[in-house]
Amino acid sequence: MNKLSPFNAVSLTLGFAFLYLPMLILVVYSFNESRLVTVWAGFSTKWYGELARNEAFLDAAWVTIRVAFFSSTIATVLGTIAAYVLVRGGRFFGRTLFSGMIYAPLVMPEVITGLSLLLLFIGIGLDRGILTIVLAHTTFSMCYVSVVVSSRLVTFDQSLEEAALDLGCSPAEAFRLVTLPIIAPAVISGWLLAFTLSLDDLVIASFTSGPSATTLPIKIFSAVRLGVTPEINALSTIMIGIVTVGVIIASISTKRARVKAEADERLAQRTA
């Protein structure tokens with residue numbers, strides 16, 4: 001068994017400190033009494049109260065949550081279908097073009113994606129708002145879902161589907177009753193990834209949003225350009241807490257679903 005060398009231990013410690021120490025400082029200064037974010041003046045939670053009364057931030061947060069939920073849900077459905085076609089569809093006419101179009105947003109600069117979608121929405125006369133942001137986020141996050149689900153389908157035992165078909169299931173029923181429960185951890189992971197990407201997006205949303213719909217990253221970026229305020233520290237702390245809790249819950253749920261799926265798969269193999 002390899003032991004952790006002192007050099008690796010120091011490197012690992014410095015790496016984690018570089019990543020998480022700024023977040024820790026941000027959380028601490030969100031409880032600062034002073035309006036100056038770099039001057040500690042005592043412990044206080046008043047900035048959380050100020051944030052709760054800031055209608056602009058609250059409206060932007062609500063828009064961001066709605067956009068992230070709808071875009072990640074649509075992207076998960078489309079990405080799962082695309083992954084199934086690529087893995088199980090075999091060789092068909094236009095497969096190379098289809099796979100290229102699915103994976104293109106992975107390497108396409110966000111500025112190019114945002115600008116092209118903006119020109120598209122202007123060309124078809126679609127007013128920019130929540131709908132355009134949802135469509136844009138679905139476009140670039142669907143490929144991430146497809147990659148995650150494809151990696152699970154590649155290792156999936158097709159004999160389980162064949163057994164379900166032999167027992168009288170239709171292809172749709174075999175997918176719903178056998179395939180989908182087994183790949184559910186990958187589907188959930190893809191949804192969470194798409195949701196996180198939507199929450200974090202600034203560049204594409206800045207091209208596709210309108211006056212009636214401003215996402216939280218755009219609002220924070222606009223406010224930071226005028227100077228960081230303790231309210232932004234409080235908002236960032238809340239987001240860090242929500243993400244942390246969500247990651248813990250998702251990890252536990254995904255692990256339980258994977259264990260159950262593996263148990264069901266072994267049971268099906270023994271009874272097949």
Side-chain angles (χ1 to χ4, degrees), residues 23 26-27 30 45 47-80 105 110 113-114 117-118 121 126-146 148-149 184-226 228-254 257:
M23 296 184 186
L26 183 147
V27 171
S30 69
T45 58
W47 299 114
Y48 289 88
E50 294 291 334
L51 177 63
R53 292 186 290 271
N54 193 321
E55 295 293 337
F57 277 122
L58 295 179
D59 291 341
W62 177 234
V63 169
T64 302
I65 292 174
R66 284 189 293 171
V67 168
F69 176 79
F70 288 113
S71 63
S72 59
T73 302
I74 298 173
T76 300
V77 174
L78 297 179
T80 302
E110 290 187 347
T113 302
L117 289 171
L118 172 62
F121 295 144
L126 185 61
D127 294 333
R128 286 178 292 168
I130 292 180
L131 177 60
T132 55
I133 305 175
V134 169
L135 293 176
H137 285 186
T138 301
T139 300
F140 83 87
S141 60
M142 182 181 68
C143 60
Y144 293 92
V145 178
S146 180
V148 174
V149 177
V187 174
I188 295 174
S189 299
W191 187 91
L192 290 173
L193 179 59
F195 188 85
T196 304
L197 290 172
S198 179
L199 286 179
D200 184 60
D201 176 65
L202 172 65
V203 177
I204 295 178
S206 63
F207 282 98
T208 57
S209 63
S212 61
T214 301
T215 61
L216 193 57
I218 295 177
K219 188 66 180 178
I220 294 175
F221 181 75
S222 301
V224 167
R225 293 197 312 182
L226 302 177
V228 179
T229 64
E231 290 178 85
I232 297 179
N233 288 347
L235 176 61
S236 301
T237 300
I238 293 174
M239 293 178 65
I240 291 173
I242 293 175
V243 170
T244 302
V245 174
V247 168
I248 294 174
I249 295 175
S251 300
I252 295 174
S253 301
T254 303

Can you give each donor-acceptor pair under 3.5 Å made by side-chain atoms of residues 60-67, sequence neighbours left out, with the distance rounded to 0.1 Å?
residue : atom : partner : partner atom : Å
Thr64   : OG1  : Ala60   : O            : 2.8
Thr64   : OG1  : Leu216  : N            : 2.6

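- A distance of 6.0 Å separates CD1 in Ile238 from OH in Tyr48, rounded to the nearest 0.5 Å.
- The ring pair (Phe, Tyr, Trp, His ring centres under 6.0 Å) check on Phe121 picks up nothing, with sequence neighbours excluded.
- Inter-residue side-chain proximity for Ile204 and Phe140 is flagged as met; some heavy-atom pair is nearer than 4.5 Å.
- Evaluation of the ring pair (Phe, Tyr, Trp, His ring centres under 6.0 Å) test over residues 188-222, restricted to residues two or more places apart or in two chains, returns Trp191-Phe195.
- Between atom OG1 of residue Thr237 and atom CD1 of residue Ile242 there is a gap of 11.0 Å, rounded to the nearest 0.5 Å.
- Between atom OG of residue Ser206 and atom CG of residue Asp201 there is a gap of 7.5 Å, rounded to the nearest 0.5 Å.
- A pairwise comparison of heavy atoms in Val148 and Gly190 identifies CG1-N, 4.2 Å as the closest pair.
- Across every non-hydrogen atom of Ser71 and Ala68, the tightest pair is OG-O, 3.3 Å.
- In this structure, CG on Leu58 lies 6.0 Å from CG on Leu51, to the nearest 0.5 angstrom.
- Taking CG from Leu135 and CG from Leu117, the interatomic distance works out to 8.5 Å, rounded to the nearest 0.5 Å.
- For Ala223, the side-chain contact (heavy atoms from CB on, under 4.5 Å) partners are Phe57, Ile232, not counting sequence neighbours.
- Put simply, the side chain of Val145 does not reach to within 4.5 Å of the side chain of Leu193, judged on heavy atoms.
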**OP:** Starting from the C-alpha separation in whole Å, work towards a yes-or-no answer on side chain to side chain contact (heavy atoms under 4.5 Å, CB included) for Leu118 and Arg128.
**Re:** CA-CA 9 Å; Leu118 172 62; Arg128 286 178 292 168; 3.7 Å; yes

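- For Tyr144, there are no side-chain hydrogen bond (donor to acceptor under 3.5 Å, both in side chains) partners, not counting sequence neighbours.
- Every pair passing salt bridge (Lys or Arg N to Asp or Glu O under 4.0 Å) that includes a residue from residues 49-62 is listed here, sequence neighbours excluded: Glu50-Arg53.
- Note: Ile133 CD1 to Thr214 OG1 = 7.5 Å, rounded to the nearest 0.5 Å.
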**OP:** With side chain to side chain contact (heavy atoms under 4.5 Å, CB included) as the test, would you mind laying out the steps for Ser222 and Ile218 before giving the verdict?
**Re:** CA-CA 6 Å; Ser222 301; Ile218 295 177; 4.3 Å; yes

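- Considering every non-hydrogen atom in both Ile240 and Thr244, the closest pair reads O-OG1, 2.7 Å.
- Among all heavy-atom pairs drawn from Ser198 and His137, the shortest one is OG-ND1, 2.7 Å.
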